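Report on one structure; see the data block that follows.
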Amino acid sequence: MFEGKIAVITGAARGIGQAIAWNLAAGGADIVLCDIKEEWLQETADGVKKAGRRVWCFELDVTDTDAVQKAFTEIAAATGTIDILVNNAGITRDGLLMRMSEEDWDAVLTVNLKGTFSCTKAVSRIMMKQRSGSIVNIASIIGLMGNAGQANYAASKGGVISFTKSVAKELASRGVRVNAVAPGFISSKMTDALSEEVRQKMLEAIPLARFGNPEDVADVVAFLAGDRSAYITGEVINISGGMVM
Ligand SMILES: NC(=O)c1ccc[n+]([C@@H]2O[C@H](COP(=O)([O-])OP(=O)(O)OC[C@H]3O[C@@H](n4cnc5c(N)ncnc54)[C@H](O)[C@@H]3O)[C@@H](O)[C@H]2O)c1
């Protein structure tokens, strides 16, 4: 399905980003992995190689706009093209508004929203020129429904959703599609940090009565990244076990 395609994934060292890399590689894509530290990417890279695909590892902090531009130029030079971008890098710094520091607000907005902006801008030049490409942004249901203690995260992911729709409108005439997924509660290092009480409360709110796993997200990302979704752009697909309908 992805034979001959090059996919770039940010925040690919673990969790959802790692599952996306392995899923696209299993589908035949060659993969460019990006994360803050190159050595963190070893495990993901080994999995891509095991699938028989080519892999490149890039040390990239998505908050560094100049570094992002430079990295995408280097990636395109190394691979020849970029067909798929998955903006997955993301962080949380939870806290109630009254106790939320400006630093925690800025950190989350800068990684989740500005990082998505910088990488999308850098890749859009390449994709517009080749008149094809698919960008998939990892948002969150929190960006749709809000959550006490996550005002910064909700604002960043709500921003990612409206950014997705705007850029989809800008790039559609050039054959470039831009979509987002909104995962619910997905088991990962990010959610491992939550207390048992919070996890139990979350579970009660999920109609399918289980937490999602990174592969649940990766399957939908692969659908949006590939040609089977050729007539879909500016769309947000919830992957939440029915938590948001
Ligand atoms: N786990 C969930 O329940 C859940 C739900 C909805 C959305 N999401 C989103 O999915 C994405 C992946 O989440 P995860 O659960 O796998 O988290 P995770 O913390 O396991 O992985 C995030 C990855 O992003 C990388 N990263 C962080 N800051 C970065 C930066 N500045 N530059 C480059 N890389 C950076 C980290 O090093 C890490 O490898 C995030 O955008 C997150 O907001 C997760």
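Treat the numbers as computed from the prediction; the structure is a model and nothing was measured. Every number for a ligand or one of its atoms is a count from 1 in the order of the listing.
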Which is it for L60 and ligand 1 at heavy atoms under 4.0 Å: side chain, backbone, both or neither?
backbone

Relative to the heavy atoms of I186, which atoms of ligand 1 are at a distance of less than 4.0 Å?
1 (N), 2 (C), 3 (O)

Among S187, G184, S140, closest by any non-hydrogen atom to atom 5 (C) of ligand 1
G184

Can you figure out which of T110, L41, I36, I138 has its heavy atom closest to atom 28 (N) of ligand 1?
I36

Donor-acceptor pair, W22 side chain versus T44 backbone, under 3.5 Å?
yes

Residue-level breakdown please: for P183 versus ligand 1, do any non-hydrogen atoms fall below 4.0 Å on the side chain, on the backbone, on both, or on neither?
both

D61 and ligand 1 - part of the residue with a heavy-atom distance under 4.0 Å
both

Would you say S156 and N112 are linked by a side-chain donor-acceptor pair, where the criterion is simply a distance under 3.5 Å?
yes

List the closest protein heavy-atom neighbour of atom 37 (O) of ligand 1: residue, atom name, distance to the nearest 0.1 Å.
D35 OD1, 2.6 Å

Donor + acceptor pair across side chains of N87, T120 (<3.5 Å):
yes

Could you tell me whether A139 approaches ligand 1 through its side chain, its backbone, both or neither, with non-hydrogen atoms closer than 4.0 Å?
backbone

Below the 3.5 angstrom mark, is there an N/O of N112, backbone or side chain, next to an N/O of ligand 1?
no

Atom 42 (C) of ligand 1: which of F211, Y153, W40 has the nearest heavy atom?
Y153

Verdict with supporting geometry, T81 and Q130, side chain to side chain donor-acceptor pair (under 3.5 Å)
CA-CA 9 Å; T81 181; Q130 73 197 12; 2.6 Å; yes

